[in-house]
Amino acid sequence: MLKIILQGHENYYGLCDIARIFFGPSKEVREDNMILCQDGPDIEIISRYQNGEVSTFIKGESPVRSGLESIPVKREVKRDLYILLSKITGRSFPWGCLTGIRPTVVANEEGRDPQKMTNDYLVREDKAVIACETAGAENRILEKTDEKQINIYIGVPFCPSRCEYCSFISSDAVKHLSLLEPYEKAVERELELLSEGIRRPVGTLYLGGGTPTVFDDRLFGKFIGTIADRLDPLPGAEFTVEAGRPDTITEYKLDAMKDAGVTRVCINPQTMKTETLTKLNRRHSSEDIIGAYELARKKGFDTINMDLIAGLKYETAEDLLFSVNKLIELGPENITIHTLYKKRRADISREDVLREDGAVDDAVSRSYGMLREAGYFPYYMYRQKDTGYGLENIGFSKKGYECLYNVAMMTDKRDVLSIGAGGVSKRIFENNRFERLPCVKDPIMYINDVDKISERKLDFWERNI
Ligand code: SF4
């Protein structure tokens, strides 16, 4: 078991993140100033901050200083540990010692200079380049959003079946059919209570999930109509609906979306291989995806997003490239490439996630190249702690079709009001300070407590959103 002893600093969280990249989960033992990593080598490492200097070394060996004074100490201790563990294991990772912070935030801090990012955080060159480019795009898009406006997220945590890899709290609608109507009513109630306090123009609206189109035609029509009436977004405001699963998209729902002023629709295949979709419990084929896409086009939606996931169980790297190619042929305005995200809840083992990691890394890079050639550019990005292969998620867009909500939400620079179970409201203050207010994730608790939840939200916004 690997032991990391902290001396003169307390960055347990950051060092655990670095140990996790190499060996999986670790455990903090604060009373002994120690981090234990079950799957690490049988050695003790000292991470020391003393007399203004950082040093990291194997116990019994002489301290070698490899840190950088140009970065904050809490990041320097991570950098040092990363270098030592790389030497010990012979492994390095695409994002180097960058953890717990969005790559584009660091890219901006580093003056959007890829070389500096590589030097300071040991980020691989191609990743540093794409982070700096995406940071520039995020900055430009953010300027198009008005900080006086409010961005609103409405969550529907139900899906027609649970995908095998799902890491969200999303209830299988088939097993929870009886909850759909009460949930819809509860969201309507929250809208009624909160809309009194909404004094600011609604700049962007995002109806996400789960799968909001899981409601039947009648209920969906009522739901989306109420949202549009209550929130009254600015004319032409971006309004996205995640109609993620093509098996839930109907002509009636698309018409209802058009009537409500929806401007952007997400039809998310995740893969264009029907065999994989079946194995993942998605209950629709790649033909269904194409059918839903064509129907949305016929109804006049001119901004369509499609998500793919790299590193899916049952898939090879070539399968990802096949799906990217299929989407490029279809030509949606946005294509988002996610890398498989693993949480404890998901039914996928660490071995699966680590499977052929070099091949997935390479296929992801190749898919970026294909998208660029087809006229897409990266416009927002994020990483999650347990993203497989140490990679990232990147939204690509054709010029002029970028999703403002995604950038507003990701950059922590715009207010977001979240309605429904499981979302997080975010209030931005001066000097880049922000506060979050998470909502209960359990739909039953949400349905039962919606009045109290709405009160809490109004208090969070000091009753004036
Ligand atoms: S569609 Fe998304 S939220 Fe729903 S079960 Fe699948 S992965 Fe989870």
Side-chain angles (χ1 to χ4, degrees), residues 153-177 179-180 183-184 187 206-216 220 223 240-250 253 264-286 288-289 292-293 296 304-315 320 323 327 332 334-348 352-353 382 384 386-388 393 395 403 406 409 418-424 438-443 446:
Y153 176 85
I154 301 174
V156 178
F158 299 95
C159 290
S161 66
R162 189 175 177 85
C163 306
E164 192 188 67
Y165 57 83
C166 183
S167 59
F168 301 104
I169 307 289
S170 183
S171 304
D172 185 334
V174 182
K175 290 187 200 141
H176 296 92
L177 274 181
L179 284 184
L180 291 183
Y183 186 82
E184 191 277 336
V187 174
Y206 196 105
L207 179 52
T211 308
T213 40
V214 71
F215 296 124
D216 64 27
F220 182 80
F223 187 48
T240 298
V241 173
E242 268 189 21
R245 302 272 287 260
D247 45 338
T248 62
I249 298 174
T250 64
K253 290 179 201 173
R264 180 175 179 267
V265 183
C266 302
I267 300 166
N268 297 329
Q270 316 303 4
T271 169
M272 289 301 277
K273 305 256 345 176
T274 300
E275 314 88 271
T276 315
L277 289 166
T278 309
K279 286 178 188 161
L280 292 172
N281 195 29
R282 280 189 59 104
R283 301 184 194 167
H284 63 81
S285 65
S286 56
D288 295 333
I289 295 160
Y293 176 87
I304 298 181
N305 171 68
M306 301 183 97
D307 284 0
L308 290 177
I309 299 181
L312 281 171
K313 193 179 183 184
Y314 317 113
E315 288 219 327
L320 171 68
S323 296
L327 291 202
N334 302 160
I335 296 179
T336 311
I337 307 280
H338 293 270
T339 311
L340 186 72
Y341 174 55
K342 183 185 82 88
K343 267 194 177 173
R344 245 162 295 158
R345 288 173 58 92
D347 304 329
I348 294 179
D352 290 322
V353 172
Y382 63 100
Q384 289 152 297
D386 280 334
T387 301
N393 307 304
C403 174
N406 282 339
M409 194 267 294
S418 170
I419 294 172
V424 180
C439 186
V440 289
K441 290 180 176 166
D442 179 4
Y446 173 77

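One-based numbering, in listed order, for ligands and for the atoms of each. Below, each value reflects all heavy atoms present in this structure, side chains not excepted, and no hydrogens, waters or symmetry copies.
For ligand 1, the atoms lying closer than 4.0 Å to a non-hydrogen atom of R282 are 1 (S), 6 (Fe). Interface of G210 with ligand 1, defined as ligand atoms under 4.0 Å from a residue heavy atom, comprises 3 (S). Per-residue contacts place C166 under 4.0 angstrom from the following atoms of ligand 1 (heavy atoms of the residue considered): 3 (S), 5 (S), 7 (S), 8 (Fe). Heavy-atom proximity to S161, at under 4.0 Å, picks out these atoms of ligand 1: 5 (S). Distances below 4.0 Å separate heavy atoms of C159 from the following atoms of ligand 1: 1 (S), 3 (S), 4 (Fe), 5 (S).
Within the 4.0 Å heavy-atom shell around ligand 1 one does not find P157.
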Next item on the list: Begin with the C-alpha distance, continue with both residues' side-chain angles, and end with the deciding distance and a verdict on side chain to side chain donor-acceptor pair (under 3.5 Å) for T248 and T213.
Entry: CA-CA 6 Å; T248 62; T213 40; 2.8 Å; yes
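In this structure, E242 CD and N305 CG are separated by 8.0 Å, a value rounded to the nearest 0.5 Å. Within the model, atoms CD1 of I289 and CZ of R245 stand 10.5 Å from one another, a figure rounded to the nearest 0.5 Å. Atom OH in Y153 sits 11.0 Å away from atom OG1 in T240 (nearest 0.5 Å).
By the 30° and 60° cut-offs, the orientation of the rings of F158 relative to Y183 is perpendicular.
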